[in-house]
Amino acid sequence: MSEQLTGRHVLAWLGAFFGVMFAVNVTMIYLAIHTLHGSELENSYDASQAYNKRIADAREQDQRGWKVNVMTRAEGEGERVMAEFRDRNGAPISDLEVTARFQHPFDEAQDRETTLASDGLDYEGIATPVPPGRWTLVIEASRGSQRLFRSENKLAVADTAAN
């Protein structure tokens with residue numbers, strides 16, 4: 001035999017339905033606030049002009065014909081970055097100001113930057129410890145106020161403490 005539907009049953013079903021809806025909404029609000037923030041452009045015209053400048057800079061960089069090899073490794077005091085800059089003939093380029101920046105994909109407060117010092121042939125520096133995860137390594141080289149080289153490379157930093 002089936003039970004008779006009473007007001008208490010309807011009230012319980014409605015309460016359960018709206019309870020689930022409330023719990024899902026709270027979860028979605030929490031995830032929206034504490035995860036990927038996204039970005040907004042204040043002025044799309046300025047953004048397009050900056051993009052056009054980046055394209056022009058990349059073309060100039062390609063015309064130089066430089067070859068750059070970058071290596072990283074974890075060390076006790078941080079993340080060591082080593083960069084070799086060579087011109088189109090393979091000769092070292094030693095008169096640059098080089099910086100390396102580990103950019104966190106979502107949180108600028110976690111970014112790490114270091115200046116790479118030249119030993120006459122190559123450039124080397126140590127960034128403060130970089131937590132495990134996915135990062136963008138940005139290498140920039142300039143002479144005076146003119147930026148001559150920029151490279152953005154995606155990389156994954158492993159948890160070396162577990163090894």
Side-chain angles (χ1 to χ4, degrees), residues 20-88 92-119 121-163:
V20 168
M21 295 297 286
F22 179 76
V24 168
N25 280 332
V26 167
T27 301
M28 296 300 235
I29 289 169
Y30 175 83
L31 292 173
I33 291 172
H34 292 91
T35 59
L36 177 62
H37 301 292
S39 62
E40 293 182 20
L41 296 175
E42 290 189 25
N43 184 333
S44 59
Y45 176 77
D46 289 343
S48 71
Q49 296 305 306
Y51 183 72
N52 289 340
K53 180 170 179 0
R54 285 184 72 176
I55 290 172
D57 290 348
R59 286 185 180 137
E60 287 179 22
Q61 178 175 315
D62 285 344
Q63 289 173 352
R64 284 187 197 90
W66 290 3
K67 303 288 185 230
V68 179
N69 185 23
V70 177
M71 296 160 284
T72 64
R73 74 168 179 253
E75 290 192 357
E77 63 270 13
E79 194 77 17
R80 182 173 296 278
V81 181
M82 298 150 291
E84 301 171 348
F85 284 81
R86 303 291 186 258
D87 64 16
R88 71 179 69 237
I93 305 168
S94 61
D95 59 343
L96 300 172
E97 299 161 13
V98 181
T99 60
R101 184 172 54 255
F102 289 89
Q103 290 180 330
H104 190 271
F106 308 117
D107 187 2
E108 287 182 13
Q110 292 192 37
D111 289 0
R112 308 287 195 264
E113 184 168 348
T114 186
T115 300
L116 306 185
S118 174
D119 63 3
L121 292 174
D122 301 323
Y123 297 84
E124 194 169 320
I126 298 177
T128 57
V130 178
R134 295 183 104 25
W135 295 82
T136 301
L137 176 59
V138 179
I139 303 290
E140 292 183 335
S142 58
R143 243 185 229 124
S145 63
Q146 182 183 15
R147 186 175 74 203
L148 301 173
F149 180 84
R150 179 181 169 91
S151 171
E152 294 184 15
N153 304 284
K154 305 287 185 195
L155 60 95
V157 175
D159 185 2
T160 57
N163 294 335

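Quick note: numbers below take in every heavy atom, side chains included, and nothing from hydrogens, waters or symmetry partners. In this text the structure is predicted, and so the values were computed from the model without any measurement.
- A donor-acceptor pair under 3.5 Å is absent between the side-chain atoms of Glu113 and the main chain of Phe102, judged by distance alone.
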task: Before giving the answer on side-chain contact (heavy atoms from CB on, under 4.5 Å), spell out for Asn52 and Gln49 the whole-Å C-alpha distance, their side-chain angles and the decisive distance to 0.1 Å.
output: CA-CA 5 Å; Asn52 289 340; Gln49 296 305 306; 4.1 Å; yes
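- A distance of 10.5 Å separates CG of Leu116 from CG of Asp122, quoted to the nearest 0.5 Å.
- Side-chain contact check for Pro129 versus Glu79: every heavy-atom pair is 4.5 Å or farther apart.
- Note that CD of Glu140 is 10.0 Å distant from OG of Ser151, once rounded to the nearest 0.5 Å.
- Using a 4.0 Å cut-off between charged side-chain N and carboxylate O, Lys53 and Glu60 make no salt bridge.
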task: Starting from the C-alpha separation in whole Å, work towards a yes-or-no answer on salt bridge (charged side-chain N to carboxylate O under 4.0 Å, His left out) for Arg101 and Asp111.
output: CA-CA 7 Å; Arg101 184 172 54 255; Asp111 289 0; 5.2 Å; no
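- Across Val138 and Gln103, no two heavy atoms sit closer than the pair CG2-OE1, 3.5 Å.
- Inspection of the Thr27 and Asn25 side chains reveals no N or O donor paired with an N or O acceptor under 3.5 Å.
- For the residue pair Ser94 and Ser118, the shortest heavy atom distance occurs at O-OG, 3.8 Å.
- Interatomic distance, Arg64 CZ to Ile93 CD1, rounded to the nearest 0.5 Å: 9.5 Å.
- The CG atom of Asp57 lies 10.0 Å from the CD1 atom of Ile55; values are rounded to the nearest 0.5 Å.
- Minimum heavy-atom separation, Arg86 to Leu121: NH1-O, 3.4 Å.
- Sorted by first and then second residue, the salt bridge (Lys or Arg N to Asp or Glu O under 4.0 Å) pairs with a member in residues 123-134 read Arg80-Glu124; sequence neighbours excluded.
- Trp135 places none of its side-chain heavy atoms less than 4.5 Å from the side chain of Lys154.
- Here CD of Glu97 is found 9.5 Å from OG of Ser145. Values are rounded to the nearest 0.5 Å.
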message: The test is side-chain contact (heavy atoms from CB on, under 4.5 Å); show your working for Arg150 and Ile139 and say whether it passes.
response: CA-CA 6 Å; Arg150 179 181 169 91; Ile139 303 290; over 6 Å; no
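- Of the options Val81, Leu96, Val70, a side-chain contact (heavy atoms from CB on, under 4.5 Å) to Tyr123 is made by Leu96 and by none of the others.
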- request: List the steps, then state whether side-chain contact (heavy atoms from CB on, under 4.5 Å) holds for Asn69 with Phe85.
  value: CA-CA 7 Å; Asn69 185 23; Phe85 284 81; over 6 Å; no
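- Between the side chains of Arg112 and Thr128, a donor-acceptor pair is found at a separation under 3.5 Å.
- In terms of heavy-atom proximity, Val98 sits nearest to Ala141 at CG2-CB, 4.0 Å.
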query: Do Arg88 and Trp66 pass the side-chain contact (heavy atoms from CB on, under 4.5 Å) test, and can you show the C-alpha distance, the side-chain angles, and the key distance before you say yes or no?
result: CA-CA 5 Å; Arg88 71 179 69 237; Trp66 290 3; over 6 Å; no
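- Rounded to the nearest 0.5 Å, atoms CE (Met71) and CG (Leu137) are 12.0 Å apart.
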